[in-house]
2 protein chains.
Amino acid sequence: MDTQRQHRLSRQRKVILQELCKVDTHPTADEVYDMVRRIIPRISLGTVYRNLELLCSQGLAQKVGQAGGQKRFDGAPQPHAHLRCRLCSRVVDVDYPEALPALPEALAKGFEVSACTLEFVGICPRCKAQMS
Amino acid sequence: MDTQRQHRLSRQRKVILQELCKVDTHPTADEVYDMVRRIIPRISLGTVYRNLELLCSQGLAQKVGQAGGQKRFDGAPQPHAHLRCRLCSRVVDVDYPEALPALPEALAKGFEVSACTLEFVGICPRCKAQMS
DNA sequence: TTTATTACTAGTAATAGTTATCAATTGGAG
DNA sequence: CTCCAATTGATAACTATTACTAGTAATAAA
């Protein structure tokens, strides 16, 4: 564990976070790559991956999406519910009215719980139309 | 869409489902492969993947685990909450007391919602101990 | 029963997404 | 400015998963 390690705010890192926060489409790594390349044309895909991972570990972003599927990133750090399309994998935010549920200590099986994700799965309007 | 396609219950498929249902450890595809190989030594990994995928699509199993991470499979078809370790990726079941939350129609943004996953994320006891 | 058709399998090759490596560059503390 | 660890771009390597293929087994049709 290198908790000592310092981080710097490179131009690349700043732009990646800015662009990620601009959208609520939960882009994949290479969608972020495309967005950032419009500003820093010579940025490399590896840098994008590296920074998205770092931002997640710092709690400035989070990963969403299907287990096993391609990663998608969310620039909103506070927890909120998601709605995922079973067919096209698109993820959209949902304003879940109640607070996200908490887990009673007694059921946590010794885990130190720090977060909770709530995801609804279904078919999005676009895919539903295409199935006609 | 080949909704017409018939399915057969091959020995391989039957054993894969049986073995998956025996455990509550949410194994990865190649953990299932190891389990099944003790019974059908010459089974191929591709067959395991193919059948796990099919079982999920039939609602006889489900995928769990971290977005973007390695797939893990759960032989219990009814929805239930999970507890995932941030460090070792292990997933355990949790007896979440209340019914899983539902999403009001008005917030579904046109999605046809068919499922909901609730996952608590944290550090498992084993990893917590190792960090000392 | 034979024949035709379809689903399935093992084995293997191919793919896609992601991570690791490394020499060169850069941010930021002093 | 000077120095050095953090970071980068480029590319290679890796790993989980999927696709392909020829052969086999199950079911249906004749």
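Per chain, numbering begins at 1; letters A, B, ... match sequence-line order. What's counted below: heavy atoms across the whole structure, side chains too, no hydrogens, waters or symmetry copies.
Distance check: A/F73 CZ to A/E31 CD gives 11.0 Å after rounding to the nearest 0.5 Å. The line from CZ of A/F120 to SG of B/C116 is 4.5 Å long, rounded to the nearest 0.5 Å.
Summarising the geometry, the separation between OH on B/Y49 and P on C/dA13 is reported as 18 Å, rounded to the nearest angstrom. What separates CG of B/L45 from C1' of C/dA13 is a distance of 14 Å, to the nearest Å. One atom, CG of A/L17, and another, P of D/dT7, lie 14 Å apart when rounded to the nearest Å. Atom pair A/L52:CG and D/dT7:C1' shows a separation of 15 Å (rounding to whole Å applied). The distance between atom CZ of A/R13 and atom C1' of D/dA5, rounded to the nearest whole Å, is 13 Å. Nucleotide C/dT12 holds its P atom 16 Å from the CD1 atom of B/I43, rounded to whole Å. As a whole-Å value, the separation of B/Q6 CD from C/dC8 P is 9 Å. In this structure, CD of A/Q70 is placed 13 Å from P of D/dT18, rounded to the nearest angstrom.
Contact annotation: A/K71 side-chain N/O to D/dA16 OP1/OP2 distance is not under 4.0 Å. Between D/dG9 and A/T47, a contact under 4.0 Å exists linking OP1 or OP2 to a side-chain N or O. Residue B/N51 has no polar side-chain atom (N or O) positioned under 4.0 Å from OP1 or OP2 of C/dC8.
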Residues 74-85 of chain A, side-chain donor-acceptor partners within the protein, below 3.5 Å, at least two apart:
| residue | atom | partner | partner atom | Å |
| --- | --- | --- | --- | --- |
| A/D74 | OD1 | A/A76 | N | 2.8 |
| A/D74 | OD2 | A/H26 | NE2 | 3.1 |
| A/D74 | OD2 | A/H80 | NE2 | 2.8 |
| A/D74 | OD2 | A/H82 | NE2 | 2.9 |
| A/H80 | ND1 | A/Q78 | O | 2.8 |
| A/H80 | NE2 | A/H82 | NE2 | 3.1 |
| A/H80 | NE2 | A/D93 | OD1 | 2.9 |
| A/H82 | NE2 | A/H26 | NE2 | 3.3 |
| A/H82 | NE2 | A/D93 | OD1 | 3.3 |
| A/R84 | NE | A/E119 | OE1 | 3.3 |
| A/R84 | NE | A/E119 | OE2 | 3.4 |
| A/R84 | NH2 | A/E119 | OE1 | 3.2 |

Annotated protein contacts, base or backbone, on nucleotides 22-30 of chain C with a non-hydrogen cut-off under 4.0 Å, one of B, S, - each
----BBS--
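Judged by distance alone, with hydrogens and angles left aside, the side-chain atoms of A/R13 form a donor-acceptor pair with the main-chain N or O of A/R8 at under 3.5 Å. Although no hydrogens or angles enter the test, the distance criterion places no donor-acceptor pair under 3.5 Å between the side chain of B/E19 and the main chain of B/I16. Of the possible polar contacts, one joining the B/K128 side chain to the A/G110 backbone as a donor-acceptor pair under 3.5 Å is found.
With sequence neighbours excluded, the residues forming a side-chain contact (heavy atoms from CB on, under 4.5 Å) with A/R38 are A/M35, listed by chain and number.
Across its full length, the helix from C/dT1-D/dA30 to C/dG30-D/dC1 shows an angle of 40° between the axes of its 5 terminal pairs at either end, rounded to 10 degrees.
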For B/R86 and B/Q66, what are the C-alpha separation, side-chain angles and deciding distance, and is it a side chain to side chain contact (heavy atoms under 4.5 Å, CB included)?
CA-CA 9 Å; B/R86 216 184 258 290; B/Q66 181 192 27; over 6 Å; no
Working note: A/Y96 + B/L107, criterion side chain to side chain contact (heavy atoms under 4.5 Å, CB included); need CA distance, chi angles, decisive distance, verdict.
CA-CA 8 Å; A/Y96 192 65; B/L107 296 177; 5.6 Å; no
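Nearest-nucleotide positions on DNA chain D for B/G46 and A/V48 put A/V48 closer to the 5' end.
Following chains of ILVMFWY side-chain contacts shorter than 4.5 Å, one cannot reach A/V113 starting from B/V121, and the two form parts of different hydrophobic clusters. Follow the hydrophobic side-chain contacts under 4.5 Å out from A/L87 and you never reach A/V91; the two are in separate clusters.
Within residues 28-41 of chain A, no residue places a heavy atom under 4.0 Å from DNA chain D.
Applying the salt bridge (Lys or Arg N to Asp or Glu O under 4.0 Å) definition to pairs two or more places apart or across chains, those involving residues 45-67 of chain B are B/E53-B/K63.
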